[in-house]
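Dumping the structure here so I can ask a few things about it.
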There are 2 protein chains.
Amino acid sequence: MPSATATNGRETLASIAYQRLLDDIVGGRLQPGTKLRLQFLTERYEVGNSPLREALNRLSAIGMVQREENRGFRVSPASADELSELIRTRCWLEETALRESIRRGDAAWEEGVLVAYHRLSKRNRYSDEQYVRFDGTWEDLHRAYHLSLLSACNSSILLGFCTQLHEQTLRYRNLSSMQDYRDRHELDEHRTIRDAALDRDADAAAELLRAHYRVTGEIVLASGNLS
Amino acid sequence: MPSATATNGRETLASIAYQRLLDDIVGGRLQPGTKLRLQFLTERYEVGNSPLREALNRLSAIGMVQREENRGFRVSPASADELSELIRTRCWLEETALRESIRRGDAAWEEGVLVAYHRLSKRNRYSDEQYVRFDGTWEDLHRAYHLSLLSACNSSILLGFCTQLHEQTLRYRNLSSMQDYRDRHELDEHRTIRDAALDRDADAAAELLRAHYRVTGEIVLASGNLS
DNA sequence: CAAGGAAATAATTTCGAAAACTGCGCCCCT
DNA sequence: AGGGGCGCAGTTTTCGAAATTATTTCCTTG
(Lines give C-alpha, C1' and ligand atoms only; values in the text may rest on other atoms or scores of the structure.)
Protein backbone atom coordinates (compact mmCIF):
# COMPACT_ATOMS: atom_id res chain seq x y z
CA MET A 1 0.00 0.00 0.00
CA PRO A 2 1.25 3.43 -0.83
CA SER A 3 -0.56 4.96 2.08
CA ALA A 4 1.29 7.94 3.47
CA THR A 5 0.14 6.91 6.89
CA ALA A 6 2.21 6.80 10.01
CA THR A 7 0.35 4.22 12.01
CA ASN A 8 0.67 5.78 15.39
CA GLY A 9 -1.21 5.17 18.57
CA ARG A 10 -4.70 3.78 18.60
CA GLU A 11 -6.37 2.89 15.37
CA THR A 12 -9.30 4.87 14.14
CA LEU A 13 -12.57 3.35 13.00
CA ALA A 14 -11.93 4.63 9.50
CA SER A 15 -8.69 2.65 9.31
CA ILE A 16 -10.30 -0.48 10.66
CA ALA A 17 -13.05 -0.16 8.08
CA TYR A 18 -10.42 0.42 5.40
CA GLN A 19 -8.54 -2.72 6.30
CA ARG A 20 -11.60 -4.87 6.50
CA LEU A 21 -13.01 -3.57 3.25
CA LEU A 22 -9.70 -4.06 1.46
CA ASP A 23 -9.50 -7.51 2.91
CA ASP A 24 -12.98 -8.42 1.76
CA ILE A 25 -12.47 -7.00 -1.71
CA VAL A 26 -9.07 -8.61 -2.25
CA GLY A 27 -10.33 -11.82 -0.68
CA GLY A 28 -13.15 -11.92 -3.18
CA ARG A 29 -15.87 -11.86 -0.55
CA LEU A 30 -17.13 -8.66 -2.11
CA GLN A 31 -17.51 -9.45 -5.78
CA PRO A 32 -16.43 -7.04 -8.53
CA GLY A 33 -19.09 -4.55 -9.45
CA THR A 34 -21.01 -4.96 -6.20
CA LYS A 35 -22.82 -1.82 -5.20
CA LEU A 36 -21.55 -0.71 -1.81
CA ARG A 37 -24.54 0.81 -0.08
CA LEU A 38 -23.76 2.64 3.09
CA GLN A 39 -26.56 1.02 5.00
CA PHE A 40 -25.32 -2.43 4.03
CA LEU A 41 -21.79 -1.57 5.05
CA THR A 42 -22.73 -0.07 8.40
CA GLU A 43 -24.52 -3.30 9.24
CA ARG A 44 -21.74 -5.50 7.96
CA TYR A 45 -18.90 -3.71 9.72
CA GLU A 46 -20.75 -2.06 12.57
CA VAL A 47 -19.21 1.31 11.87
CA GLY A 48 -20.87 4.64 11.30
CA ASN A 49 -21.21 6.28 7.95
CA SER A 50 -18.44 8.87 8.26
CA PRO A 51 -15.56 6.42 8.87
CA LEU A 52 -16.90 4.23 6.11
CA ARG A 53 -16.92 7.04 3.61
CA GLU A 54 -13.35 7.87 4.52
CA ALA A 55 -12.33 4.28 3.97
CA LEU A 56 -14.13 4.16 0.63
CA ASN A 57 -12.48 7.35 -0.51
CA ARG A 58 -9.05 5.95 0.26
CA LEU A 59 -9.87 2.74 -1.53
CA SER A 60 -11.02 4.65 -4.57
CA ALA A 61 -7.63 6.32 -4.80
CA ILE A 62 -5.88 2.97 -5.10
CA GLY A 63 -8.36 1.58 -7.56
CA MET A 64 -10.09 -0.96 -5.38
CA VAL A 65 -13.48 0.75 -5.52
CA GLN A 66 -15.03 3.07 -8.05
CA ARG A 67 -16.64 6.30 -7.03
CA GLU A 68 -19.42 8.01 -8.96
CA GLU A 69 -20.40 11.46 -7.90
CA ASN A 70 -23.69 11.40 -6.06
CA ARG A 71 -24.13 7.73 -6.83
CA GLY A 72 -21.94 6.18 -4.24
CA PHE A 73 -19.36 3.44 -4.51
CA ARG A 74 -19.02 0.00 -5.99
CA VAL A 75 -16.30 -2.62 -6.00
CA SER A 76 -14.10 -2.07 -9.04
CA PRO A 77 -15.14 -4.34 -11.87
CA ALA A 78 -12.79 -7.09 -12.97
CA SER A 79 -12.18 -8.01 -16.58
CA ALA A 80 -9.81 -10.15 -18.56
CA ASP A 81 -8.54 -7.01 -20.26
CA GLU A 82 -7.72 -5.32 -17.01
CA LEU A 83 -5.98 -8.42 -15.75
CA SER A 84 -3.66 -8.58 -18.72
CA GLU A 85 -2.97 -4.88 -18.39
CA LEU A 86 -2.17 -5.40 -14.73
CA ILE A 87 0.24 -8.21 -15.48
CA ARG A 88 1.89 -6.37 -18.33
CA THR A 89 2.43 -3.32 -16.15
CA ARG A 90 3.58 -5.39 -13.23
CA CYS A 91 6.19 -7.11 -15.37
CA TRP A 92 7.57 -3.77 -16.51
CA LEU A 93 7.74 -2.23 -13.06
CA GLU A 94 9.07 -5.25 -11.23
CA GLU A 95 11.68 -5.89 -13.88
CA THR A 96 12.95 -2.37 -13.39
CA ALA A 97 12.96 -2.71 -9.62
CA LEU A 98 14.53 -6.14 -9.71
CA ARG A 99 17.38 -5.13 -12.01
CA GLU A 100 18.09 -2.12 -9.88
CA SER A 101 17.95 -4.21 -6.73
CA ILE A 102 20.37 -6.75 -8.16
CA ARG A 103 22.70 -3.96 -9.18
CA ARG A 104 22.64 -2.17 -5.85
CA GLY A 105 21.81 -4.85 -3.31
CA ASP A 106 24.26 -5.36 -0.47
CA ALA A 107 24.79 -8.20 1.98
CA ALA A 108 21.75 -7.19 4.01
CA TRP A 109 19.60 -7.42 0.90
CA GLU A 110 20.89 -10.91 0.11
CA GLU A 111 20.13 -12.02 3.64
CA GLY A 112 16.68 -10.52 3.47
CA VAL A 113 15.89 -12.44 0.30
CA LEU A 114 17.24 -15.63 1.80
CA VAL A 115 15.22 -15.32 4.97
CA ALA A 116 12.04 -14.37 3.15
CA TYR A 117 12.37 -17.37 0.85
CA HIS A 118 13.08 -19.66 3.76
CA ARG A 119 10.01 -18.55 5.65
CA LEU A 120 7.85 -18.93 2.59
CA SER A 121 9.20 -22.39 1.87
CA LYS A 122 8.26 -23.62 5.32
CA ARG A 123 4.66 -22.57 5.01
CA ASN A 124 2.11 -24.72 3.24
CA ARG A 125 -0.08 -22.62 1.04
CA TYR A 126 -3.14 -24.78 1.36
CA SER A 127 -3.23 -24.83 5.10
CA ASP A 128 -4.63 -21.32 5.00
CA GLU A 129 -8.36 -21.32 4.53
CA GLN A 130 -10.01 -18.19 3.30
CA TYR A 131 -7.88 -15.25 2.42
CA VAL A 132 -7.35 -12.97 5.38
CA ARG A 133 -4.70 -10.32 5.71
CA PHE A 134 -2.71 -11.38 8.73
CA ASP A 135 0.88 -11.76 9.77
CA GLY A 136 2.28 -15.16 8.97
CA THR A 137 -0.28 -16.31 6.44
CA TRP A 138 1.07 -17.79 3.23
CA GLU A 139 -0.03 -14.71 1.32
CA ASP A 140 1.73 -12.49 3.80
CA LEU A 141 4.99 -14.41 3.45
CA HIS A 142 4.55 -14.50 -0.32
CA ARG A 143 4.13 -10.77 -0.46
CA ALA A 144 7.14 -10.30 1.78
CA TYR A 145 9.28 -12.57 -0.39
CA HIS A 146 8.50 -10.74 -3.61
CA LEU A 147 9.03 -7.41 -1.91
CA SER A 148 12.38 -8.52 -0.55
CA LEU A 149 13.61 -9.17 -4.08
CA LEU A 150 12.85 -5.58 -5.04
CA SER A 151 13.67 -3.94 -1.76
CA ALA A 152 17.14 -2.68 -2.71
CA CYS A 153 15.92 -0.69 -5.73
CA ASN A 154 16.25 2.53 -3.76
CA SER A 155 12.81 3.88 -4.56
CA SER A 156 10.07 3.54 -2.01
CA ILE A 157 7.76 5.09 -4.56
CA LEU A 158 8.37 2.28 -7.03
CA LEU A 159 8.00 -0.25 -4.25
CA GLY A 160 4.66 1.30 -3.40
CA PHE A 161 3.46 0.97 -6.98
CA CYS A 162 4.61 -2.65 -7.08
CA THR A 163 2.76 -3.37 -3.86
CA GLN A 164 -0.35 -1.83 -5.30
CA LEU A 165 -0.11 -4.01 -8.40
CA HIS A 166 0.56 -7.06 -6.26
CA GLU A 167 -2.61 -6.37 -4.33
CA GLN A 168 -4.66 -5.99 -7.48
CA THR A 169 -3.45 -9.20 -9.06
CA LEU A 170 -4.00 -10.96 -5.75
CA ARG A 171 -7.63 -9.99 -6.01
CA TYR A 172 -7.88 -11.66 -9.39
CA ARG A 173 -6.22 -14.77 -8.05
CA ASN A 174 -8.70 -14.96 -5.20
CA LEU A 175 -11.54 -14.43 -7.64
CA SER A 176 -10.58 -17.43 -9.74
CA SER A 177 -11.33 -20.95 -8.66
CA MET A 178 -7.69 -21.67 -7.80
CA GLN A 179 -8.26 -25.31 -8.71
CA ASP A 180 -5.51 -25.27 -11.31
CA TYR A 181 -2.90 -24.08 -8.87
CA ARG A 182 -2.27 -27.41 -7.28
CA ASP A 183 -0.12 -28.95 -9.97
CA ARG A 184 2.04 -25.88 -10.13
CA HIS A 185 5.43 -25.95 -8.49
CA GLU A 186 5.42 -22.43 -7.20
CA LEU A 187 8.17 -23.00 -4.72
CA ASP A 188 10.50 -24.12 -7.50
CA GLU A 189 9.80 -20.94 -9.38
CA HIS A 190 10.46 -18.86 -6.30
CA ARG A 191 13.69 -20.71 -5.69
CA THR A 192 15.06 -20.27 -9.20
CA ILE A 193 14.25 -16.57 -9.06
CA ARG A 194 16.01 -16.31 -5.72
CA ASP A 195 19.08 -18.08 -7.05
CA ALA A 196 19.31 -15.97 -10.18
CA ALA A 197 18.95 -12.80 -8.14
CA LEU A 198 21.58 -13.79 -5.59
CA ASP A 199 23.88 -14.81 -8.47
CA ARG A 200 23.44 -11.26 -9.75
CA ASP A 201 22.21 -12.60 -13.06
CA ALA A 202 19.78 -9.80 -13.82
CA ASP A 203 18.70 -11.03 -17.24
CA ALA A 204 17.85 -14.49 -15.98
CA ALA A 205 16.13 -13.23 -12.85
CA ALA A 206 14.04 -10.76 -14.81
CA GLU A 207 12.98 -13.37 -17.32
CA LEU A 208 12.06 -15.84 -14.59
CA LEU A 209 10.10 -13.24 -12.69
CA ARG A 210 8.20 -12.17 -15.79
CA ALA A 211 7.42 -15.79 -16.62
CA HIS A 212 6.25 -16.34 -13.05
CA TYR A 213 3.69 -13.57 -13.40
CA ARG A 214 2.64 -14.52 -16.88
CA VAL A 215 1.91 -18.09 -15.85
CA THR A 216 -0.14 -16.89 -12.92
CA GLY A 217 -2.05 -14.62 -15.24
CA GLU A 218 -2.77 -17.39 -17.70
CA ILE A 219 -3.99 -19.75 -15.02
CA VAL A 220 -6.32 -17.11 -13.63
CA LEU A 221 -7.54 -16.21 -17.09
CA ALA A 222 -8.15 -19.85 -17.95
CA SER A 223 -9.92 -20.84 -14.76
CA GLY A 224 -11.47 -17.49 -14.10
CA ASN A 225 -14.98 -16.31 -14.55
CA LEU A 226 -14.29 -12.89 -15.98
CA SER A 227 -16.02 -10.85 -18.61
CA MET B 1 -4.29 10.94 -11.11
CA PRO B 2 -5.28 7.34 -10.77
CA SER B 3 -8.64 8.27 -9.37
CA ALA B 4 -11.22 5.66 -10.25
CA THR B 5 -13.79 8.39 -10.52
CA ALA B 6 -16.38 8.77 -13.18
CA THR B 7 -17.09 12.47 -13.09
CA ASN B 8 -20.79 12.36 -13.64
CA GLY B 9 -23.46 14.94 -13.06
CA ARG B 10 -23.07 17.69 -10.51
CA GLU B 11 -19.87 17.90 -8.56
CA THR B 12 -19.84 17.15 -4.90
CA LEU B 13 -18.32 19.45 -2.28
CA ALA B 14 -15.77 16.77 -1.46
CA SER B 15 -14.49 16.80 -5.03
CA ILE B 16 -14.34 20.56 -5.15
CA ALA B 17 -12.37 20.59 -1.92
CA TYR B 18 -10.11 17.88 -3.32
CA GLN B 19 -9.36 19.87 -6.45
CA ARG B 20 -8.73 23.10 -4.60
CA LEU B 21 -6.53 21.44 -2.00
CA LEU B 22 -4.53 19.62 -4.65
CA ASP B 23 -4.20 22.87 -6.53
CA ASP B 24 -2.97 24.75 -3.50
CA ILE B 25 -0.52 22.04 -2.50
CA VAL B 26 0.91 21.56 -5.99
CA GLY B 27 0.92 25.32 -6.51
CA GLY B 28 3.01 25.74 -3.39
CA ARG B 29 0.49 27.95 -1.65
CA LEU B 30 0.32 25.34 1.09
CA GLN B 31 3.91 24.75 2.08
CA PRO B 32 5.29 21.28 2.78
CA GLY B 33 4.80 20.16 6.34
CA THR B 34 1.99 22.62 7.02
CA LYS B 35 -0.46 21.32 9.55
CA LEU B 36 -3.90 21.15 7.97
CA ARG B 37 -6.31 21.98 10.75
CA LEU B 38 -9.92 21.37 9.94
CA GLN B 39 -11.03 24.71 11.30
CA PHE B 40 -8.51 26.50 9.12
CA LEU B 41 -9.59 24.57 6.06
CA THR B 42 -13.31 25.10 6.59
CA GLU B 43 -12.69 28.83 6.71
CA ARG B 44 -10.37 28.80 3.73
CA TYR B 45 -12.57 26.75 1.45
CA GLU B 46 -15.98 27.39 2.98
CA VAL B 47 -16.80 23.70 3.10
CA GLY B 48 -17.92 21.59 6.00
CA ASN B 49 -15.69 19.16 7.78
CA SER B 50 -17.02 15.93 6.26
CA PRO B 51 -16.24 16.76 2.62
CA LEU B 52 -12.87 18.10 3.69
CA ARG B 53 -11.96 14.89 5.43
CA GLU B 54 -12.94 12.94 2.36
CA ALA B 55 -10.73 15.12 0.22
CA LEU B 56 -7.83 14.76 2.64
CA ASN B 57 -8.19 11.01 2.71
CA ARG B 58 -8.02 10.86 -1.07
CA LEU B 59 -4.99 13.12 -1.11
CA SER B 60 -3.26 10.95 1.46
CA ALA B 61 -3.62 7.96 -0.84
CA ILE B 62 -1.70 9.72 -3.62
CA GLY B 63 0.98 11.03 -1.31
CA MET B 64 0.10 14.70 -1.32
CA VAL B 65 -0.76 14.83 2.37
CA GLN B 66 0.31 12.73 5.30
CA ARG B 67 -2.17 11.27 7.70
CA GLU B 68 -1.43 10.45 11.32
CA GLU B 69 -4.04 8.55 13.24
CA ASN B 70 -5.83 10.83 15.66
CA ARG B 71 -3.46 13.65 14.82
CA GLY B 72 -4.91 14.89 11.61
CA PHE B 73 -3.27 15.78 8.35
CA ARG B 74 -0.34 17.80 7.11
CA VAL B 75 1.03 18.66 3.69
CA SER B 76 3.60 16.02 2.76
CA PRO B 77 7.10 17.24 3.54
CA ALA B 78 9.48 17.94 0.69
CA SER B 79 13.14 17.01 0.73
CA ALA B 80 16.02 16.87 -1.70
CA ASP B 81 16.16 13.13 -1.17
CA GLU B 82 12.55 12.64 -2.09
CA LEU B 83 12.97 14.81 -5.15
CA SER B 84 15.80 12.72 -6.49
CA GLU B 85 13.85 9.58 -5.77
CA LEU B 86 10.90 11.04 -7.64
CA ILE B 87 12.99 11.88 -10.65
CA ARG B 88 14.77 8.56 -10.67
CA THR B 89 11.47 6.70 -10.54
CA ARG B 90 9.91 8.96 -13.11
CA CYS B 91 12.75 8.30 -15.53
CA TRP B 92 12.30 4.57 -15.17
CA LEU B 93 8.55 4.58 -15.62
CA GLU B 94 8.40 7.09 -18.43
CA GLU B 95 11.20 5.38 -20.30
CA THR B 96 9.21 2.17 -20.21
CA ALA B 97 6.03 3.89 -21.31
CA LEU B 98 7.80 5.87 -24.02
CA ARG B 99 9.52 2.86 -25.55
CA GLU B 100 6.29 0.96 -25.58
CA SER B 101 4.47 3.92 -27.07
CA ILE B 102 7.05 4.26 -29.83
CA ARG B 103 6.79 0.58 -30.55
CA ARG B 104 3.01 0.44 -30.67
CA GLY B 105 1.98 3.96 -31.63
CA ASP B 106 -0.19 4.32 -34.72
CA ALA B 107 -1.04 7.29 -36.90
CA ALA B 108 -3.48 8.67 -34.36
CA TRP B 109 -0.73 8.64 -31.74
CA GLU B 110 1.64 10.53 -34.01
CA GLU B 111 -1.01 13.13 -34.70
CA GLY B 112 -1.77 13.45 -31.00
CA VAL B 113 1.88 14.13 -30.23
CA LEU B 114 2.11 16.63 -33.05
CA VAL B 115 -0.97 18.53 -31.95
CA ALA B 116 0.01 18.54 -28.30
CA TYR B 117 3.45 19.90 -29.15
CA HIS B 118 1.97 22.51 -31.41
CA ARG B 119 -0.41 23.77 -28.76
CA LEU B 120 2.35 23.90 -26.19
CA SER B 121 4.67 25.78 -28.54
CA LYS B 122 2.13 28.52 -29.08
CA ARG B 123 1.71 29.23 -25.41
CA ASN B 124 4.12 31.44 -23.53
CA ARG B 125 4.95 29.94 -20.21
CA TYR B 126 5.49 33.19 -18.41
CA SER B 127 2.19 34.71 -19.32
CA ASP B 128 0.60 32.51 -16.70
CA GLU B 129 0.81 34.03 -13.27
CA GLN B 130 0.34 31.82 -10.28
CA TYR B 131 -0.10 28.14 -10.82
CA VAL B 132 -3.74 27.23 -11.16
CA ARG B 133 -5.07 24.02 -12.59
CA PHE B 134 -7.16 25.10 -15.54
CA ASP B 135 -7.68 24.15 -19.13
CA GLY B 136 -5.32 25.91 -21.48
CA THR B 137 -2.72 27.05 -19.00
CA TRP B 138 0.88 26.35 -19.93
CA GLU B 139 1.07 23.67 -17.28
CA ASP B 140 -2.03 22.03 -18.62
CA LEU B 141 -0.64 21.93 -22.15
CA HIS B 142 2.70 20.75 -20.82
CA ARG B 143 1.08 17.90 -18.97
CA ALA B 144 -0.93 17.01 -22.04
CA TYR B 145 2.15 17.01 -24.26
CA HIS B 146 4.12 14.67 -22.02
CA LEU B 147 1.12 12.41 -21.65
CA SER B 148 0.63 12.28 -25.41
CA LEU B 149 4.13 10.88 -25.82
CA LEU B 150 3.30 7.99 -23.51
CA SER B 151 -0.32 7.56 -24.46
CA ALA B 152 0.13 4.59 -26.80
CA CYS B 153 1.83 2.41 -24.19
CA ASN B 154 -1.38 0.43 -23.76
CA SER B 155 -1.48 0.62 -19.98
CA SER B 156 -3.75 3.14 -18.33
CA ILE B 157 -2.34 1.97 -15.03
CA LEU B 158 1.17 2.99 -16.00
CA LEU B 159 -0.14 6.27 -17.38
CA GLY B 160 -1.80 6.89 -14.03
CA PHE B 161 1.44 6.32 -12.17
CA CYS B 162 3.27 8.65 -14.56
CA THR B 163 0.63 11.31 -14.04
CA GLN B 164 1.01 10.95 -10.30
CA LEU B 165 4.78 11.40 -10.55
CA HIS B 166 4.32 14.36 -12.87
CA GLU B 167 2.11 16.00 -10.30
CA GLN B 168 4.60 15.43 -7.51
CA THR B 169 7.54 16.84 -9.42
CA LEU B 170 5.39 19.77 -10.47
CA ARG B 171 4.96 20.56 -6.81
CA TYR B 172 8.72 20.71 -6.35
CA ARG B 173 9.05 22.97 -9.38
CA ASN B 174 6.46 25.34 -7.99
CA LEU B 175 8.21 25.29 -4.64
CA SER B 176 11.50 26.46 -6.09
CA SER B 177 12.12 30.03 -7.07
CA MET B 178 11.91 29.26 -10.79
CA GLN B 179 14.35 32.07 -11.47
CA ASP B 180 16.79 29.81 -13.21
CA TYR B 181 14.26 28.61 -15.69
CA ARG B 182 14.44 31.59 -17.96
CA ASP B 183 17.64 30.76 -19.78
CA ARG B 184 16.48 27.26 -20.44
CA HIS B 185 15.26 26.38 -23.89
CA GLU B 186 12.51 24.05 -22.86
CA LEU B 187 10.73 24.21 -26.16
CA ASP B 188 13.84 22.97 -27.95
CA GLU B 189 14.00 20.01 -25.61
CA HIS B 190 10.37 19.24 -26.19
CA ARG B 191 10.86 19.47 -29.92
CA THR B 192 13.85 17.13 -30.05
CA ILE B 193 11.96 14.60 -27.94
CA ARG B 194 9.01 14.86 -30.26
CA ASP B 195 11.18 14.36 -33.32
CA ALA B 196 13.00 11.35 -31.92
CA ALA B 197 9.70 9.78 -30.88
CA LEU B 198 8.09 10.33 -34.26
CA ASP B 199 11.22 9.00 -35.95
CA ARG B 200 10.69 5.85 -33.84
CA ASP B 201 14.17 6.23 -32.43
CA ALA B 202 13.42 4.81 -29.02
CA ASP B 203 16.95 4.98 -27.65
CA ALA B 204 17.38 8.62 -28.55
CA ALA B 205 13.92 9.60 -27.35
CA ALA B 206 14.38 7.83 -24.03
CA GLU B 207 17.75 9.44 -23.45
CA LEU B 208 16.42 12.90 -24.31
CA LEU B 209 13.42 12.44 -22.04
CA ARG B 210 15.56 11.28 -19.15
CA ALA B 211 17.92 14.21 -19.64
CA HIS B 212 14.94 16.56 -19.74
CA TYR B 213 13.81 15.38 -16.32
CA ARG B 214 17.28 15.30 -14.84
CA VAL B 215 17.98 18.88 -15.83
CA THR B 216 14.70 20.00 -14.32
CA GLY B 217 15.60 18.17 -11.15
CA GLU B 218 19.00 19.77 -10.94
CA ILE B 219 17.64 23.24 -11.45
CA VAL B 220 15.06 22.74 -8.75
CA LEU B 221 17.65 21.26 -6.42
CA ALA B 222 20.04 24.14 -7.04
CA SER B 223 17.55 26.95 -6.68
CA GLY B 224 15.35 25.20 -4.20
CA ASN B 225 14.96 25.69 -0.51
CA LEU B 226 14.74 22.10 0.57
CA SER B 227 16.03 20.26 3.55
C1' DC C 1 -50.28 1.48 -25.85
C1' DA C 2 -46.16 4.16 -25.57
C1' DA C 3 -44.08 8.29 -23.85
C1' DG C 4 -43.51 11.86 -20.71
C1' DG C 5 -43.62 13.83 -16.34
C1' DA C 6 -44.60 14.55 -11.51
C1' DA C 7 -44.80 12.61 -6.97
C1' DA C 8 -43.00 9.19 -3.86
C1' DT C 9 -39.21 6.52 -2.43
C1' DA C 10 -34.44 5.37 -1.68
C1' DA C 11 -29.87 6.51 -1.68
C1' DT C 12 -25.96 9.63 -1.06
C1' DT C 13 -23.91 13.76 0.70
C1' DT C 14 -23.44 17.30 4.08
C1' DC C 15 -23.99 19.55 8.48
C1' DG C 16 -23.77 20.48 13.54
C1' DA C 17 -22.76 18.73 17.74
C1' DA C 18 -21.19 15.09 20.87
C1' DA C 19 -17.49 11.98 22.01
C1' DA C 20 -12.71 10.65 22.06
C1' DC C 21 -8.17 11.65 21.85
C1' DT C 22 -3.64 14.43 22.16
C1' DG C 23 -0.52 17.70 24.04
C1' DC C 24 0.70 20.63 27.54
C1' DG C 25 1.02 22.91 31.78
C1' DC C 26 0.45 22.59 36.53
C1' DC C 27 0.73 20.75 40.89
C1' DC C 28 2.15 17.56 44.16
C1' DC C 29 5.24 14.29 45.97
C1' DT C 30 9.67 12.30 46.85
C1' DA D 1 15.34 19.78 41.59
C1' DG D 2 13.25 16.12 39.15
C1' DG D 3 9.55 13.06 37.81
C1' DG D 4 4.93 11.38 37.43
C1' DG D 5 0.14 11.91 37.30
C1' DC D 6 -4.15 15.00 36.72
C1' DG D 7 -6.94 17.89 34.26
C1' DC D 8 -7.86 21.43 30.91
C1' DA D 9 -7.86 23.41 26.17
C1' DG D 10 -7.63 22.41 21.50
C1' DT D 11 -8.19 19.11 17.82
C1' DT D 12 -9.67 15.18 15.59
C1' DT D 13 -13.00 11.60 14.97
C1' DT D 14 -17.58 9.89 15.04
C1' DC D 15 -22.52 10.01 15.23
C1' DG D 16 -27.39 11.10 14.00
C1' DA D 17 -30.21 13.79 11.47
C1' DA D 18 -31.15 17.18 7.68
C1' DA D 19 -30.50 18.40 2.91
C1' DT D 20 -29.61 17.07 -1.61
C1' DT D 21 -29.64 14.07 -5.42
C1' DA D 22 -30.90 9.80 -7.91
C1' DT D 23 -34.39 6.24 -8.92
C1' DT D 24 -38.71 4.15 -9.14
C1' DT D 25 -43.66 4.30 -9.59
C1' DC D 26 -47.64 5.57 -11.33
C1' DC D 27 -50.62 8.61 -13.55
C1' DT D 28 -51.69 11.39 -17.48
C1' DT D 29 -51.75 12.45 -22.31
C1' DG D 30 -50.98 12.08 -27.14
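A, B, ... follow the sequence lines: proteins, then strands. Residue 1 opens every chain. What's counted below: heavy atoms across the whole structure, side chains too, no hydrogens, waters or symmetry copies.
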Check B/E69 with B/R67, please: is the shortest side-chain N to carboxylate O separation under 4.0 Å?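 Looking at B/R67 and B/E69, the cut-off is met.
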Non-neighbouring partners of B/R53 that pass salt bridge (charged side-chain N to carboxylate O under 4.0 Å, His left out), sequence neighbours left out: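 Scan of B/R53 (salt bridge (charged side-chain N to carboxylate O under 4.0 Å, His left out), adjacent residues dropped) gives A/E54.
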Does B/R214 pair with B/E218 as a salt bridge, N-O distance under 4.0 Å?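 Result for this pair is no, no salt bridge flagged.
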Name the nucleic acid region contacted by A/L52, choosing base, sugar-phosphate or nothing; use a 4.0 angstrom heavy-atom cut-off, strictly under.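 Since no nucleic acid heavy atom lies under 4.0 Å of A/L52, the category is nothing.
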Could you encode protein contacts along nucleotides 13-20 of chain C as a string, one character per nucleotide from 5' to 3', using B for base contact, S for sugar-phosphate-only contact and - for no contact, with a heavy-atom cut-off of under 4.0 Å? BBB-B---
Under 4.0 Å between a side-chain nitrogen and a carboxylate oxygen: does that hold for A/E167 and A/R171?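 No salt bridge links A/E167 with A/R171.
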Taking the cut-offs as 6.0 angstrom to the six-membered ring centre and 45 degrees off its axis, would you call A/R90 and A/Y213 a cation-pi pair?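 Judged by the rule, A/R90 and A/Y213 form a cation-pi pair.
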Is A/L56 touching bases, backbone alone, or none of the nucleic acid, heavy atoms closer than 4.0 Å?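 Here A/L56 touches no strand at all.
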In whole Å, what is the span from the CZ atom of A/R37 to the P atom of C/dA10?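 One finds 12 Å between P of C/dA10 and CZ of A/R37, rounded.
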Is there a donor-acceptor pair closer than 3.5 Å between any side-chain N or O of A/S76 and the backbone N or O of A/M64?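 Yes, the answer is positive, given that a donor and an acceptor are paired below the 3.5 Å cut-off.
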OP1 or OP2 of C/dT12 versus the side-chain N and O atoms of A/K35: is any pair under 4.0 Å?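 For C/dT12, OP1/OP2 do have a side-chain N/O of A/K35 under 4.0 Å.
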